[in-house]
Protein chains: 2
Amino acid sequence: MAAKRAFNIERFFQALGDNTRLRLLNLMGDQEICVCYFVEILDQPQPKISRHLAYLRSAGIVATRRDGKWMHYRIVMPPHIGATQILQQTLGWLKEDRAMQADRARLSKACCTPAKFVALQGAPLPIPIDSSTVSASR
Amino acid sequence: MAAKRAFNIERFFQALGDNTRLRLLNLMGDQEICVCYFVEILDQPQPKISRHLAYLRSAGIVATRRDGKWMHYRIVMPPHIGATQILQQTLGWLKEDRAMQADRARLSKACCTPAKFVALQGAPLPIPIDSSTVSASR
DNA sequence: CCTACACATACGTCAATACGAATATAATTC
DNA sequence: GAATTATATTCGTATTGACGTATGTGTAGG
């Protein structure tokens, strides 16, 4: 059993204080994405991606869902309304950043033309999250 | 090279990822306050306060003004509109936190009844900042 | 000048973090 | 059940950050 810690403000901001983690959050946006996409799009070593995702999870910013071999990550809003607003604001800010736009463009490309991304063959496509049912799933 | 670096997003969030620094920002709010108040209200060693203030300054979140022996600190809005919004949001969030409210209450008390705070004898009172430079939230 | 005051910085130490490389775990496939 | 795939964790190391303590710097007043 993974001991779930209480939400921590310091931890929350620290989680946002790293460019790789911001890039990961930017890619997630309102989708649920599996790890192989992060590795491919950011072009970084898999353990590095995995560690940063673990950090985001420990900070209560993302959650996971296992789907066979694949692990899907999605953003979850923190239990504090203030943190939620800041996270939303941050995501909006990232959308205006050129480098972040480029990351998302690459992700779209990978989803539309998977033939050009050999490493993603067979990987499940990102799944849009219905913003009205953030918590529950059928 | 100049000591002043370009605004850095990672640095910005890292600066917010420490409770002492959040307390300092909370006390500043829309006032310009000298260091001795921080030391007195937070009841922490002066070098510790000074180091955290230096960190905030290096992150481009606060600015200083020397007034004789006293150094006044104030919040300055970052050059990025996104960062500004997040900083405002954060300050608003802090206002709802009990511990942060207690800090501000202590500050008010120190300003109204300075006789009870021996260490602050002769210290200049906090100076409200013209809200035209900082978008207000009433 | 010299001292006192307000604040900043340097130093040593310890914890937290980031990284590449290697290895472990979990689920699928054969 | 052995190999493969996808992801997580461990290990060793280098960097950064936080802290207490000591010391340095700038200013005002005698």
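This structure is a prediction, so every number in the text was calculated from the model and none was measured. Residue numbering restarts at 1 for every chain, and letters A, B, ... go by the order of the sequence lines.
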query: Side chain of B:Thr84, backbone of B:His80: donor and acceptor closer than 3.5 Å?
result: yes
Residue pair A:Ile49/B:Gly17 against DNA chain D: nearer the 5' end by closest nucleotide is A:Ile49
Between NE2 of B:His52 and P of C:dA8 the distance, given in whole Å, is 13 Å
Geometric cation-pi criterion B:Arg23 and B:Phe38, 6.0 Å radius, 45° cone:
no
Residues in residues 22-32 of chain A with a heavy atom under 4.0 Å of DNA chain D, by number, are none
Atom CZ of B:Phe13 and atom P of D:dT16 are separated, to the nearest Å, by 21 Å
Of A:Ser50 and A:Gln14, the one whose closest nucleotide on DNA chain D sits nearer the 5' end is A:Ser50
* Any B:Arg57 side-chain N or O less than 4.0 Å from OP1/OP2 of C:dC7 -> no
In whole angstroms, the gap separating C1' of C:dA6 from CG of B:Leu53 amounts to 13 Å
Out of D:dA8, C:dA21, C:dC7, minimum distance to the side chain of B:Val35 belongs to C:dC7
Heavy-atom side-chain contact between A:Leu42 and A:Arg106 under 4.5 Å: no
Worksheet item: Distance-only, no hydrogens or angles: does the A:Arg66 side chain make a donor-acceptor pair with backbone N or O of A:Gly68 under 3.5 Å?
Response: yes
Practice task
Output yes when at least one side-chain N/O atom of B:Tyr73 is less than 4.0 Å from OP1 or OP2 of C:dA8, else no.
Solution key: yes
One should read off an interatomic distance between A:Gln101 CD and A:Arg98 CZ, to the nearest 0.5 angstrom, of 6.0 Å
When you measure from the side chain of A:Gln14 to the backbone N and O of B:Gly17, does any donor-acceptor pair fall under 3.5 Å?
yes
Taken to the nearest whole Å, CD/A:Glu10 to P/C:dT17 is 11 Å
When rounded to whole Å, the CZ to P distance for the pair A:Phe38 and D:dA6 reads 16 Å
Could you tell me whether the phosphate oxygens of D:dT7, OP1 or OP2, come under 4.0 Å of any side-chain nitrogen or oxygen in A:Arg51?
-> no
When A:Pro45 and B:His72 are each assigned the nearest nucleotide of DNA chain C, the 5'-most assignment goes to B:His72
Q: Cation-pi check, A:Arg57 to A:Tyr73: give yes when NZ or CZ is under 6.0 Å from the six-membered ring centre and within 45° of the ring axis, no otherwise.
A: no
Quiz item: Can you tell if the side chain of B:Leu25 reaches within under 4.5 Å of the side chain of B:Thr90, non-hydrogen atoms only?
Solution: no
Whole-Å distance, B:Met71 CE to D:dT27 C1', equals 11 Å
When rounded to whole Å, the CZ to P distance for the pair A:Arg11 and C:dA16 reads 10 Å
Of the candidates C:dA18, C:dC7, D:dC19, the side chain of B:Cys36 sits closest to C:dC7
Are the side chain of A:Gln89 and the backbone of B:Ile86 linked by a donor-acceptor contact shorter than 3.5 Å? no
Sorted by position of nearest nucleotide on DNA chain C, 5' first, the leading residue of B:Trp70 and A:Lys48 is B:Trp70
Are any protein N/O atoms closer than 3.5 Å to N/O atoms in nucleotides 22-30 of chain C? If there are, list each pair with its distance.
none

Short side-chain to backbone donor-acceptor contact, A:Arg11 and A:Ala59, under 3.5 Å:
no
Whole-Å distance, B:Asp18 CG to D:dC19 C1', equals 11 Å
